[in-house]
Colleague: 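Pasting in a structure now, in structure tokens, and then I'll have a few things to ask.
Along the sequence shown, the residues carry numbers beginning at 1.
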Amino acid sequence: MKKLKISAVLAVLAFSPFYASVFPGENNPVVKMIADAIKWKSESIDVGNIPQGKPKLIRFEFSNTSAKPIVIENVAPSCGCTTADYTKTPILPGKKGFVEASFNAASPGAFMKTVVVTTSESKTPKTLSFKGVVVS
């Protein structure tokens with residue numbers, strides 16, 4: 001009976017208007033500020049057909065739309081067939097930066113790869129992707 005009362009109180013609190021402002025929503029300015037800090041030109045790139053045995057360079061560009069410098073802290077390709085490079089200096093407000101992935105097209109066929117980027121602006125990593133077909 002005691003567990004039932006506690007459960008009932010928790011259920012009422014969970015749906016009360018008091019807690020409605022605690023959970024992030026579409027109109028939450030904090031969520032919007034983080035989402036708008038970096039504007040990617042493209043988060044997914046289709047490279048089309050690429051020749052086998054010739055590395056392909058894919059460049060993701062972005063703008064710093066925040067009011068403070070942004071630093072790329074980590075870039076992690078999804079596999080050993082991809083290496084990454086990126087802007088190593090702080091990207092000032094209004095300036096542009098990049099993340100590059102070099103894909104070693106060793107095996108023929110379709111592929112889809114990702115590069116995970118962590119910045120000083122958000123500890124939630126951004127996943128960038130590229131796809132295409134390796135032809136022999």
Colleague: To check you understand the geometry: which heavy-atom pair defines the closest contact between Q52 and P108, and what is its length?
Modeller: NE2-CD, 3.4 Å
Colleague: With sequence neighbours excluded, what pairs up with T87 under the side-chain hydrogen bond (donor to acceptor under 3.5 Å, both in side chains) test?
Modeller: none
Colleague: To the nearest 0.5 angstrom, please state how far the CD1 atom of I38 sits from the CD atom of E121.
Modeller: 7.0 Å
Colleague: Please check if V133 and I45 belong to a single hydrophobic cluster, counting links between Ile, Leu, Val, Met, Phe, Trp and Tyr side chain heavy atoms closer than 4.5 Å.
Modeller: no
Colleague: Of all the heavy-atom pairs spanning P51 and A105, show the shortest one and how long it is.
Modeller: O-CB, 3.7 Å
Colleague: What verdict does the side chain to side chain contact (heavy atoms under 4.5 Å, CB included) test give for N64 and K95, after you've listed the backbone C-alpha separation in whole Å, the side-chain angles of each residue and the deciding distance to 0.1 Å?
Modeller: CA-CA 6 Å; N64 177 354; K95 299 298 180 182; 5.6 Å; no
Colleague: Drop me the distance from L128's CG to F62's CZ, to the nearest 0.5 angstrom.
Modeller: 9.5 Å
Colleague: Nearest heavy-atom pair of G132 and V47: which atoms, and what distance?
Modeller: CA-CG2, 4.0 Å
Colleague: Which distance, rounded to the nearest 0.5 Å, do you find between the OG of S120 and the CG of N74?
Modeller: 12.5 Å
Colleague: What is the minimum heavy-atom distance between T114 and S129, and which atoms define it?
Modeller: CG2-CB, 4.1 Å
Colleague: Working to the nearest 0.5 Å, report the span between CZ of F98 and NZ of K41.
Modeller: 14.0 Å
Colleague: Check side chain to side chain contact (heavy atoms under 4.5 Å, CB included) between K113 and all other residues, then give those that pass, not counting sequence neighbours.
Modeller: S78, C79, C81, T82, F103, F111, F130
Colleague: Cluster question for you: counting only ILVMFWY and a side-chain heavy-atom cut-off of under 4.5 Å, with indirect links fine, are V75 and M112 together?
Modeller: no
Colleague: Search all heavy atoms of P93 against all heavy atoms of P69 and return the closest pair with its distance.
Modeller: CD-N, 4.0 Å
Colleague: Who passes side-chain hydrogen bond (donor to acceptor under 3.5 Å, both in side chains) against E100, sequence neighbours left out?
Modeller: R59
Colleague: To the nearest 0.5 Å, what is the distance between OG1 on T119 and OH on Y86?
Modeller: 12.0 Å
Colleague: To the nearest 0.5 Å, what is the distance between CD1 on I72 and CG on D85?
Modeller: 9.5 Å
Colleague: By the definition side-chain contact (heavy atoms from CB on, under 4.5 Å), identify the one residue from T83, I58, V99, T127 that meets it with V115.
Modeller: V99
